[in-house]
Amino acid sequence: MNRQSFSARYSFALFLVVGASLAASHQFAESREGAGARDSFQTDNEPTVLHRGQDEKKKDKDSPTKNSKPDDIPEPDVPYWPTPPQVVDKMLELAEVKKGDVVYDLGCGDARILVTAAKRYGVKGFGFDIDPKQVRDSLENAKKNKVEDLVTIKKADIFTLDLKDASVVTLYLMPELNVRLMPQLEKLKPGSRIVSHDWDMKGAKPNKMVTLRAKNEMGLERVHKVYLWIVPWEKE
């Protein structure tokens, strides 16, 4: 093979190799661009999906029908813990409930104190609770015990109530909540009685405090305290 023929063949082969390389490079580039476009599509869309989820969560959070209560139904200040029957009896005994009394139960739960007072002493009772479920339970309890004519239940904020018609007020709240109620309780008629399960009322010296052992709804026994104040109370 002469040099001229060899050079021509070499040049042609080189042309084929370079052409193939260029084609492969172009195909690879197109492939990468396609993959890049797909990657870009996924990346661009992921934040959109996340943003939409966050917006939906925010709407759910702001929606009064899902995760929050309307302004006229605030959260209860304390969870409901039923007062054992023996403690209910002691509270009414210590308050010396008698015919003609009007009993107010602030945070009435299932109205067991009012129902017991109505059945045992024939007195009128008014129960107030901010939790709609407790209001329903109270109404059902009064109906079940056939004392609807004596027991009235209302959904209300106890810190806005006028208590002037009560002669006996029963409490099972917390010490700081008892203190918050003092301006209202001070306006009770002289001789009115206030009884509190477990918690005292700082700044007001109790007339009596008794202890007793009683089991709760789960059968666990512990010592319970019952405090009595007579209006006007003696300051500590």
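Computed over heavy atoms, backbone and side chain alike; hydrogens, waters and symmetry mates excluded. Numbering starts at 1 and runs along the sequence shown.
Side-chain atoms of Ser167 come within 3.5 Å of backbone atoms of Val102 as a donor-acceptor pair (strictly under, hydrogens ignored). For His224 (side chain) and Val87 (main-chain N/O), no donor-acceptor pair under 3.5 Å exists by modelled atom type. Distance alone, capped at 3.5 Å, places no donor-acceptor pair between the Lys164 side chain and the Lys189 backbone. For the pair Trp199 (side chain) and Asn178 (backbone), a donor-acceptor distance under 3.5 Å is absent. The closest donor-acceptor contact from the side chain of Gln184 to the backbone of Leu161 lies under 3.5 Å. Remark: the backbone N or O of Gly127 is not paired with any side-chain donor or acceptor of Asp105 at under 3.5 angstrom.
In this structure, Val123 is not a member of the same hydrophobic cluster as Val169, with clusters built from ILVMFWY side-chain heavy atoms closer than 4.5 Å. Tracing side-chain contacts under 4.5 Å through hydrophobic residues (I, L, V, M, F, W, Y), one never reaches Val103 starting from Val231; they form parts of separate clusters. By the criterion of side-chain heavy atoms lying less than 4.5 angstrom apart, applied directly or through intervening Ile, Leu, Val, Met, Phe, Trp or Tyr residues, Val195 is grouped together with Val151 in one hydrophobic cluster. In the hydrophobic clustering of this structure, Val210 does not group with Met201; members are Ile, Leu, Val, Met, Phe, Trp, Tyr whose side-chain heavy atoms approach within less than 4.5 Å, directly or through other members. In the hydrophobic clustering of this structure, Phe126 groups with Ile194; members are Ile, Leu, Val, Met, Phe, Trp, Tyr whose side-chain heavy atoms approach within less than 4.5 Å, directly or through other members.
Note that CG of Leu181 is 6.5 Å distant from CG of Leu173, once rounded to the nearest 0.5 Å. Once rounded to the nearest 0.5 Å, the distance linking CD1 of Ile113 with OG of Ser138 reads 10.5 Å. If you take OH on Tyr172 and CE on Met91, they are separated by 9.5 Å, rounding to the nearest 0.5 Å. Between Cys108 atom SG and Ile130 atom CD1 the span is 11.0 Å, to the nearest 0.5 Å. The distance from the CZ atom of Arg193 to the CH2 atom of Trp233 is 14.5 Å, given to the nearest 0.5 Å. Here the straight-line distance linking atom CE of Met174 with atom CG of Asp198 works out to 10.0 Å at 0.5 Å rounding.
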Give the intermediate values and the outcome of side chain to side chain contact (heavy atoms under 4.5 Å, CB included) for residues Tyr227 and Leu94. CA-CA 8 Å; Tyr227 293 87; Leu94 204 60; over 6 Å; no
Under the criterion side-chain hydrogen bond (donor to acceptor under 3.5 Å, both in side chains), I'd like the reasoning laid out for Asn141 against Asn145: C-alpha separation, chi angles, the key distance, then a yes or no. CA-CA 6 Å; Asn141 195 18; Asn145 286 277; 2.9 Å; yes
Output, in order, the C-alpha distance, side-chain angles, deciding distance and verdict of side chain to side chain contact (heavy atoms under 4.5 Å, CB included) for Tyr121 and Asp101. CA-CA 9 Å; Tyr121 303 101; Asp101 274 327; over 6 Å; no
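Residues satisfying the salt bridge (Lys or Arg N to Asp or Glu O under 4.0 Å) test with Asp149, not counting sequence neighbours, are none. Under the side-chain hydrogen bond (donor to acceptor under 3.5 Å, both in side chains) criterion, Lys146 pairs with no residue at all, not counting sequence neighbours. With sequence neighbours left out, Lys205 forms a side chain to side chain contact (heavy atoms under 4.5 Å, CB included) with Glu234, Glu236.
Taking a cutoff of 4.0 Å between a charged side-chain nitrogen and a carboxylate oxygen, Arg120 and Asp89 qualify as a salt bridge. Of the charged side-chain nitrogens involved, at least one lies within less than 4.0 Å of a carboxylate oxygen, so that Glu93 and Lys90 count as a salt-bridged pair.
Minimum heavy-atom separation, His197 to Arg222: NE2-NH2, 4.1 Å. Taking every heavy atom of both residues into account, Val135 and Asp129 meet most closely at CG2-O, 3.6 Å. Of all the heavy atoms in Lys215 and Gln86, the pair that sits closest is N-NE2, 4.3 Å. Across all their heavy atoms, Ile153 and Ala111 have their closest contact at CD1-CB, 3.9 Å. Counting all heavy atoms, side chain and backbone alike, Gly122 lies closest to Lys99 at O-NZ, 3.3 Å. The minimum heavy-atom distance linking Pro183 with Arg180 is given by the pair CD-O, 3.3 Å.
Between Asn216 and Pro82, every side-chain heavy-atom pair lies at or beyond the 4.5 Å cut-off. Contact check for Phe159 versus Leu177: side-chain heavy atoms found under the 4.5 Å cut-off.
Around atom CD of Glu96, no more than 12 heavy atoms belonging to other residues, nucleotides or ligands sit under 6.0 Å away.
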